[in-house]
Protein chains: 2
Amino acid sequence: MEWELQSDRPIYTQLVEELKRRIISGYYRPGEKLLPVRELAQEAKVNPNTMQKALAELERQNLVFAVRTTGRYITEDAELIAETKKEFASFHVQTYYREMHALGYGKENMIELLSEYEEECR
Amino acid sequence: MEWELQSDRPIYTQLVEELKRRIISGYYRPGEKLLPVRELAQEAKVNPNTMQKALAELERQNLVFAVRTTGRYITEDAELIAETKKEFASFHVQTYYREMHALGYGKENMIELLSEYEEECR
DNA sequence: TTTCTTGTGTCATATATTTAGTACAATAAT
DNA sequence: ATTATTGTACTAAATATATGACACAAGAAA
């Protein structure tokens, strides 16, 4: 799994998103132990402080928790994960609809373009 | 038309996007004269320097041009506008598809959720 | 001509972000 | 008991972003 970071937004914000994506997609399982901050940072080619900042934010949202000297783990609260996933999906549905609607595209166009892209990917 | 600015990304980046959105949606017409930087900045509740930075970027992309002492205008290059619109739309199609796909949603789900949201808006 | 408006440039300052380096406490591993 | 690993905290420095306050040149408007 890759860490694709752009330069047009704060890195730690992008790290929060990618970590969240990995949790709600199931790539990281509930209760799973994460790699240490320093290694995660190395993987993402980022400063440990920056990764720490991202993890602190996920902790604030209860998606991960730290056991001092032992390591950091994904939450076991499956309901929270499901809820977060739902919010994440809704956000993207809204964004897509609103951006396309603002350009004058209607529902049919949105679906059509989506289908075309899907075929392109296959 | 409102200037909705979030705090999680550089403001001038968001200004570039909003201005581009207004151009490719036809809200600003080809050749149309824009309000002076200072007024646009006031509208968006932003510092003139920040608005200037955004306009300079649009100028770099040839979407607007400045006539020194007279004002700033939208390009008359309809083809460039159409091309930019196409790119903008493709970007959102891709983003939506890839984000949802990463969460395990398939094409049918993507369409279903989109339809639901569309009804919600009506 | 004089005045006003335009885009543009510069300087200073404040804040946010990112990296680098270091250090510490707690506990697991030896 | 000693060592290594963990999260965490702190300082310093570099860069990016945003605002504020000016100033200037060139053309439009008076």
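Below, each value reflects all heavy atoms present in this structure, side chains not excepted, and no hydrogens, waters or symmetry copies. In what follows, chains are A, B, ... by sequence order, proteins preceding strands, each numbered from 1.
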> Rounded to whole angstroms, how far apart are CZ on R9(A) and P on dT17(C)?
13 Å
> Let me know the distance between CG of L15(B) and P of dT19(D), rounded to the nearest Å.
9 Å
> Looking at Y105(A), I'd like to know if the NZ or CZ of K85(B) sits under 6.0 Å from its six-membered ring centre while staying within 45 degrees of the ring's axis.
yes
> Does the side chain of Y12(B) get closer than 4.0 angstrom to OP1 or OP2 of dA18(D) through an N or O atom?
no
> Rounded to whole angstroms, how far apart are NZ on K53(B) and P on dG7(C)?
19 Å
> List, one per line, each side-chain donor-acceptor pair under 3.5 Å for residues 56-79 of chain A, sequence neighbours excluded.
from: E57(A); atom 1: OE1; to: R60(A); atom 2: NE; distance (Å): 3.1
from: E57(A); atom 1: OE2; to: R60(A); atom 2: NH2; distance (Å): 3.0
from: E57(A); atom 1: OE2; to: Q61(A); atom 2: NE2; distance (Å): 2.7
from: E59(A); atom 1: OE1; to: R72(A); atom 2: NE; distance (Å): 3.3
from: Q61(A); atom 1: OE1; to: K20(A); atom 2: NZ; distance (Å): 3.2
from: T75(A); atom 1: OG1; to: D77(A); atom 2: N; distance (Å): 3.0
from: D77(A); atom 1: OD1; to: E79(A); atom 2: N; distance (Å): 3.1
from: D77(A); atom 1: OD1; to: L80(A); atom 2: N; distance (Å): 2.9

> Check DNA chain C against residues 55-67 of chain B and give the residues with a non-hydrogen atom under 4.0 Å, in numerical order.
E59(B), A66(B)
> Would you indicate what R72(A) reaches in the nucleic acid, counting non-hydrogen atoms under 4.0 angstrom: base, sugar-phosphate, or nothing?
sugar-phosphate
> Any side-chain N or O of T70(A) less than 4.0 Å from the OP1 or OP2 oxygen of dT6(D)?
no
> Hey, mind stepping through V93(A) and Y96(B) against side chain to side chain contact (heavy atoms under 4.5 Å, CB included) and telling me if it holds?
CA-CA 7 Å; V93(A) 171; Y96(B) 181 53; 3.5 Å; yes
> So is R21(B) actually on top of W3(B)'s ring, under 6.0 Å and inside 45° of the axis?
no
> Assign each of L34(B) and N49(B) to its nearest nucleotide of DNA chain C by heavy atoms, then name whichever residue's nucleotide is nearer the 5' end.
L34(B)
> In whole angstrom, give the distance that lies between atom CZ of R68(A) and atom C1' of dC24(C).
8 Å
> Sequence neighbours excluded, which residues qualify as salt bridge (Lys or Arg N to Asp or Glu O under 4.0 Å) partners of R38(A)?
none
> Which whole-number value in Å describes the distance from Q14(A) CD to dT17(C) C1'?
12 Å
> Specify the separation, in whole Å, of atom CG of L40(B) and atom C1' of dT5(C).
15 Å
> Starting at atom CD of Q6(B), determine the distance to atom P of dT17(D), rounded to an integer number of angstrom.
18 Å
> Write down the distance between CZ (R38(A)) and P (dT8(D)), rounded to a whole number of angstrom.
11 Å
> Atom CG of L15(B) and atom CG of L55(B): how far apart are they, to the nearest 0.5 Å?
8.5 Å
> Do E118(A) and R122(A) come within less than 4.5 Å of each other through their side chains, counting heavy atoms only?
yes
> Under the 3.5 Å rule, do the base of dG21(C) and the side chain of N47(A) count as making a donor-acceptor pair?
no
> Taking for each residue the nucleotide of DNA chain D bearing the nearest heavy atom, is the 5' side occupied by P36(A) or by S7(A)?
P36(A)
